[in-house]
Amino acid sequence: MSEYLCVASNGIPPDESWTVKLLVTFPPLVQAQSETVQASVGSMARMVCTTEAWPRPEMGWEKDGEPVYESNNVAMTHTVSGQYHSVHILEIRNVQSSHFGVYRCVAKNDNGIHHSQVTLNQISHNHFTNSNLIPEELRAIQVDSASFPSLLLITIIYFVYHGF
């Protein structure tokens, strides 16, 4: 797809020129940026799909086979880059349990329809499940007000060294 310039010259001025714009139509091709997105309840989730199609497709999002609509918590945006390429974003603010599941970004034009799936999975807020445990080496240290700065430094060094 491009513009082409055709120039005719027979050595006698003026030369003639024509511009021809070639548009190749083709069905949509949709690709999810990531097949899985993880979020915790109360956080924000962003699902991204790219499409290539001409003519430009109608784009929509579905969850469990039902259309997704914009609301206070759900925003849909898109940007066009190039003649037939676009990026579509579904953003869910303040994710709730009902938001987890399988989403599809669906593109449709006169030449066909195509979709890609994105699964929104729940992760826990507390992903440091062992971080509240106190190692045995630190439990044995007696704390008084004079040794507190030293204890704090020892604790920091311990946690940095052991990767906590």
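Note that the numbering runs from 1 along the sequence shown for the chain.
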Is I113 isolated, or which residues cluster with it under the ILVMFWY side-chain rule of less than 4.5 Å, directly or via members?
V106
Using side-chain contact (heavy atoms from CB on, under 4.5 Å), reason through V30 and H115 one step at a time and then give a plain yes or no.
CA-CA 6 Å; V30 180; H115 72 273; 5.7 Å; no
Are S34 and V48 packed together at the side-chain level, in the sense that at least one heavy-atom pair is separated by less than 4.5 angstrom?
no
What residues, two or more places apart in sequence or in another chain, satisfy side chain to side chain contact (heavy atoms under 4.5 Å, CB included) together with L29?
H114
Test: salt bridge (Lys or Arg N to Asp or Glu O under 4.0 Å). Region: residues 32-44. Which pairs qualify, not counting sequence neighbours?
none
Suppose the criterion is salt bridge (Lys or Arg N to Asp or Glu O under 4.0 Å): which pairs have a residue in residues 76-96, not counting sequence neighbours?
R46-E91, E91-R93
Do N94 and M44 make a side-chain contact, defined as non-hydrogen atoms from C-beta onward lying under 4.5 Å apart?
no
How many angstroms lie between NE2 in H88 and OG1 in T50, if you round to the nearest 0.5 Å?
8.5 Å
List the residues meeting side chain to side chain contact (heavy atoms under 4.5 Å, CB included) with T77, not counting sequence neighbours, and say none if there are none.
I89
With sequence neighbours left out, write down each residue that passes side chain to side chain contact (heavy atoms under 4.5 Å, CB included) with K63, or none if nothing qualifies.
V68, Y103
Under-4.0 Å salt bridge between E58 and K108:
no
So how far is it from L90 CG to E70 CD, rounded to the nearest 0.5 Å?
9.0 Å
In terms of hydrophobic clustering (I, L, V, M, F, W, Y; side-chain heavy atoms under 4.5 Å; direct or indirect links), are Y69 and L120 co-clustered?
no
Please, which pairs that meet disulfide bond (SG atoms under 2.5 Å apart) have at least one residue in residues 20-60, sequence neighbours excluded?
C49-C105
Tell me whether M47 shares a hydrophobic cluster with V41, the cluster being built from Ile, Leu, Val, Met, Phe, Trp, Tyr side chains joined at under 4.5 Å.
yes
Can you find a pair of side-chain heavy atoms, one from T25 and one from P55, that are under 4.5 Å apart?
yes
Should we say atom CG of N72 is surrounded by more than 12 heavy atoms from elsewhere, each under 6.0 Å from it?
no
Just how far is it from atom NE2 of H99 to atom CD of Q122, taken to the nearest 0.5 Å?
12.5 Å
Minimal non-hydrogen separation, A107 against P57, with atom names
CB-CB, 3.9 Å
Taking ring pair (Phe, Tyr, Trp, His ring centres under 6.0 Å) as the test, write out the residues that go with H85, two or more places apart.
none
Give me the other members of the hydrophobic cluster that V7 sits in, counting Ile, Leu, Val, Met, Phe, Trp and Tyr linked by side-chain heavy atoms under 4.5 Å, directly or via other members.
L5
In one Ile/Leu/Val/Met/Phe/Trp/Tyr side-chain cluster, 4.5 Å: M76, V102
no
If you look only at distance, which donor and acceptor atoms sit under 3.5 Å apart when one is on a side chain in residues 14-23 and the other is two or more places apart or in another chain?
unit_1 : atom_1 : unit_2 : atom_2 : d
D15    : OD1    : S9     : OG     : 2.9

Name all residues meeting the side chain to side chain contact (heavy atoms under 4.5 Å, CB included) criterion together with N121; count only those two or more places apart in sequence or in a different chain, and write none if there are none.
T36, Q38, T119
Could you walk me through whether H78 and T51 pass the side-chain contact (heavy atoms from CB on, under 4.5 Å) check?
CA-CA 10 Å; H78 75 278; T51 56; over 6 Å; no
Ignoring hydrogens and geometry, is there a side-chain-to-backbone donor-acceptor pair from S40 to S43 under 3.5 Å?
no
Assess whether side-chain contact (heavy atoms from CB on, under 4.5 Å) is satisfied between N109 and F26, documenting all intermediate values.
CA-CA 9 Å; N109 71 8; F26 58 98; over 6 Å; no
With ring pair (Phe, Tyr, Trp, His ring centres under 6.0 Å) as the rule and sequence neighbours excluded, what pairs involving residues 34-67 come up?
none
Taking the side chain as every heavy atom from C-beta outward, state whether R104 and V118 have any pair of such atoms under 4.5 Å apart.
no
